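These notes concern the structure reproduced below.
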Amino acid sequence: MRRNSARLSLAAGMLLLLIFAAFSLFPDAIAPFDVKEISRAWLKPSAEHLLGTNDMGYDIFSELVYAARNTLVTGLTAAAISLGIGTAIGMLAGYLKGAAGEIAGGIINVFLLIPMLPAAIVVASFLGAGAGKIALVIALLGWCPTARAVRTRTAQLKQTPFVEQLVILQIPKRYILLKHLLPNLSDIALARGILSVSACMMTESALSFVGLGDPSSVTWGGMVNFAYRNGGFARGALNWFLAPGLCITLCALAFRLICGYVEYRSSAVRSGDRKSYME
Amino acid sequence: MIQSVRGLLSALVCLLVIVSVNFFLPRLMPGDPVLMLTGLEDDLVSEAEYRMYREKLGVDDPLYAQFGRYVSALLRGNLGYSYHYKRGVGDMIAERLSNTLSITLPAVALSSALAMLLALYAGSKRGSAADSVLTGGAIIINAVPGFLIGMLIITLFAYKLGWLPFGGLASAAPKNALTDRLSHLVLPITALSLGAMPGKYLILRNQTAAAIDEKYVIYARARGISERRIRFCHIFRNVSQTFVTMIGLNVGFVLSGSLIAENLFSIRGMGQLMTASIAARDFPTMQGCLFVSALAVISADIVTRLVCIAIDPKVRLGVYETE
């Protein structure tokens, strides 16, 4: 990816994210109606109701604005937890030798094989609905890609002279890992963290779509679920199911675009070569 | 070889993890394990029934005895009993598995083949307009949730244009059973493939784009070998291991997608059974579906590992084992 297109993707991603951040920070200033304010049902989009109303008469645009915070918070929480787990296990798997390293690597390989959505459905339905629990389930099943990237990078760093010298100086492993390797992993951790926000949001939306979302805090995925269940989809009410779906898409895209820039910058700093865009 | 043994081991451990999750979740969660295992509501169960279930499930035995019984039942192919449908979970899944496979297998094959072809094309023309369009498109589609792809495809091709049927797997009175079945399969397979393609495309495209700087490609060009031959004979061979591994891992992703697609397209498959059992709080059925999904992913993984050993001497002879 070249410099200009990298900057362009950063600008586009930031702009999209800014809109959604405004939605989630100041929903009452942006949304024209209150979430539970009832108008006539099934109104078509108009100047008053930008995206029309749903079967209960709620204004869809307002609901969309209010759902932004729930969606983003769930995505960010899940991504933060999975970043923590992924970095820790990835570092151990990449650095440690012998049985401990094998076990850490084995955990990654095992979790890689678990089918994501079915497993999330089973665990989430036992734990019960609740935004925090959903985020936890997503994080516990979604840290694998981060751990793999961190593992590869740690294994590379381990071969570098500066780490070899630390070993010769008999610096304890704990210090090498936390004080010397972790800062060097920050660029890859940042990129993976941003990317996993979008992945977590997608998983959350799929869980909400099959009806496992938190009913008290509606997300975009939950809105699509309501539209699907309550006839919005069968009636072809694009304003109802497409709008939240597009929001998920744009938000996920925004994080991916920003991640593209972060990856470009770190690879340019590292070697000046053109590195992968997204893996 | 060590790598292959390791892979086999992790497949077995993965199965064990799934079995343990299935076993321990209902028993160690706060709440009555009898209600958790049967999915029955507290106030709908009479005292006598409750005692009968408690006896039958053996939840008063020590955990290790229960676990032994659970595993030995699984080994005999007994996936549990659904108190909601009043049927064996294994029978229900067996009935529906063919429907699920008839959309997932073609989707895996189609999305992999297309992703590979497009990736070889775009990657070897790195930086061209075609590459930008394909890669940009893939990044955008990659951000669209699977259910939205399915809903848009149904809205466009079934509702608006009316070209193809929007649900089920057969019409009431088909003229020709085969073409009828095929016409019902087109949309769900398209939706699933479209969801599964971008991820694979992006990885393969990057590998191809990196490969064109390799010396073997430059040398092949210098020998005057045609671009197409370089693409399909030289680069393809070198990315084929990633490709095959990816197909294996993709099975889990497509099964997840199929869970949603089966609902949208009203296909009576395993995914639909699973989502229907969420609303009914039918835990045994859900767990059975998870177990079968995991089994499918793991067998796909083992097959792809064997294929990798067969096609790639680096894997077979154990060179470059250190990642």
Side-chain angles (χ1 to χ4, degrees), chain A residues 2 5 102 105-127 151-152 155 198 201-202 205-206 209-212 220-221 224-225 227-228 233-234 236 238 241-242 244-246 248-257 260 274-279, chain B residues 6-7 9-11 13-14 17-18 21-22 25-26 29 36 126-127 132 135 139-140 142-148 151-152 154-155 159-160 202-203 205-206 209-210 249 251-253 255-257 259-260 263-264 271 274-275 278-279 281 283 286-287 289-290 293-294 296-298 301 322-323:
Chain A
R2 259 156 288 159
S5 66
E102 287 285 328
I107 294 175
I108 299 178
N109 289 341
V110 166
F111 269 80
L112 205 60
L113 286 176
I114 293 178
M116 179 81 184
L117 199 53
I121 285 176
V122 168
V123 180
S125 50
F126 272 114
L127 291 182
R151 169 174 67 175
T152 313
S198 91
M201 276 181 46
M202 303 277 275
S205 71
F209 181 75
V210 295
L212 277 169
W220 291 325
V224 182
N225 177 32
Y228 179 64
F233 175 57
L238 281 170
F241 73 83
L242 187 61
L246 268 184
I248 300 168
T249 306
L250 289 176
C251 204
L253 198 61
F255 283 108
R256 273 153 206 258
L257 288 173
R274 228 180 286 182
K275 270 297 275 187
S276 75
Y277 184 56
M278 237 172 251
E279 269 177 356
Chain B
R6 203 177 278 160
L9 210 63
S10 54
V13 176
C14 178
V17 167
I18 294 287
V21 164
N22 275 348
L25 264 183
M29 283 296 291
M36 285 284 190
R126 187 179 66 194
S132 307
T135 308
I139 290 171
I140 292 172
N142 208 12
V144 184
F147 54 83
L148 196 66
M151 287 168 119
L152 286 176
I154 294 176
T155 308
Y159 291 168
K160 292 261 153 68
L202 286 171
I203 295 177
R205 190 239 137 204
N206 287 336
L249 287 177
V251 170
F253 185 83
L255 273 176
S256 297
L259 243 155
I260 281 160
N263 275 296
L264 289 175
M274 189 168 193
T275 39
I278 297 173
R281 290 174 57 79
F283 297 117
M286 253 185 261
Q287 296 182 321
C289 292
L290 171 61
S293 308
V297 176
I298 286 161
D301 181 66
T322 52
E323 192 133 324

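No experiment lies behind these values; they were computed from the predicted model shown. Residue numbers begin at 1 in each chain, while the letters A, B, ... track the order of the sequences.
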### Task
Check step by step if side-chain contact (heavy atoms from CB on, under 4.5 Å) holds for Leu264(B) and Tyr228(A).
CA-CA 9 Å; Leu264(B) 289 175; Tyr228(A) 179 64; 3.6 Å; yes

#### Entry: Distance (rounded to the nearest 0.5 Å) between Ile139(B) CD1 and Arg256(A) CZ
9.0 Å

#### Entry: Distance in Å, Leu253(A) CG paired with Asn142(B) CG, rounded so as to fall on 0.5 Å steps
9.5 Å

### Task
Return the option, out of Ala206(A), Gly211(A), Ser198(A), with the maximum number of heavy-atom pairs under 4.5 Å with chain B.
Ala206(A)

### Task
Taking the side chain as every heavy atom from C-beta outward, state whether Val144(B) and Met202(A) have any pair of such atoms under 4.5 Å apart.
no

### Task
Begin from the C-alpha positions of Val122(A) and Met274(B) and carry the test side-chain contact (heavy atoms from CB on, under 4.5 Å) through to its verdict.
CA-CA 9 Å; Val122(A) 168; Met274(B) 189 168 193; 3.7 Å; yes

#### Entry: Heavy-atom closest pair, residues Thr249(A) and Ile140(B)
CG2-O, 4.4 Å

#### Entry: Heavy-atom closest pair, residues Ser10(B) and Val110(A)
O-CG2, 3.6 Å

### Task
With a 4.5 Å cut-off on heavy-atom pairs, point out which of Leu238(A), Ile108(A), Leu242(A), Leu250(A) contacts chain B the most.
Leu242(A)

### Task
Report the C-alpha distance between Leu148(B) and Ile248(A) in whole Å, list the side-chain angles of each, state the deciding distance to 0.1 Å, and finish with yes or no for side-chain contact (heavy atoms from CB on, under 4.5 Å).
CA-CA 10 Å; Leu148(B) 196 66; Ile248(A) 300 168; over 6 Å; no

## Note on the structure
d(Met286(B) CE, Ser125(A) OG) to nearest 0.5 Å is 3.5 Å

### Query
Under a 4.5 Å heavy-atom cut-off, does chain A meet the side chain of Leu255(B), its backbone, both or neither?
neither

### Task
Look up atom CG in Asp301(B) and atom CG in Asn109(A), then write down how far apart they are to the nearest 0.5 Å.
9.0 Å

#### Entry: Interchain contact, Ser205(A) with chain B, by part (heavy-atom threshold 4.5 Å)
both

### Message
Under 4.5 Å from any heavy atom of chain A, what part of Ala11(B) do you find: side chain, backbone, both or neither?
### Response
both

### Message
Less than 4.5 Å apart, side chain to side chain, heavy atoms only: is that true for Met116(A) and Phe253(B)?
### Response
no

### Task
Could you label the plane-to-plane angle of the Phe283(B) and Phe126(A) rings as parallel, tilted or perpendicular, counting under 30° as parallel and over 60° as perpendicular?
parallel

### Query
Phe233(A) versus Thr155(B): any side-chain heavy-atom pair under 4.5 Å?
yes

### Task
Please state whether the side chain, the backbone, both or neither of Leu246(A) comes within less than 4.5 Å of a heavy atom of chain B.
backbone

### Message
Out of Val21(B), Val13(B), Leu259(B), Ile18(B), return the one with the most heavy atom pairs under 4.5 angstrom to chain A.
### Response
Leu259(B)

#### Entry: From CD1 (Ile278(B)) to CD1 (Ile121(A)), nearest 0.5 Å
4.0 Å

### Message
Within the 4.5 Å heavy-atom criterion, are Pro118(A) and Ser256(B) side-chain neighbours or not?
### Response
yes

### Heavy-atom proximity to chain B below 4.5 Å, by part of Phe209(A)
side chain

### Query
Which heavy-atom pair separates Cys14(B) from Ile114(A) by the least distance, and what is that distance?
SG-CG1, 3.8 Å

### Query
Considering only heavy atoms, which portion of Val17(B) lies under 4.5 Å from any heavy atom of chain A: side chain, backbone, both, or neither?
side chain

### Query
Rounded to the nearest 0.5 Å, what separation is found between the CG atom of Leu9(B) and the CD atom of Glu102(A)?
9.5 Å

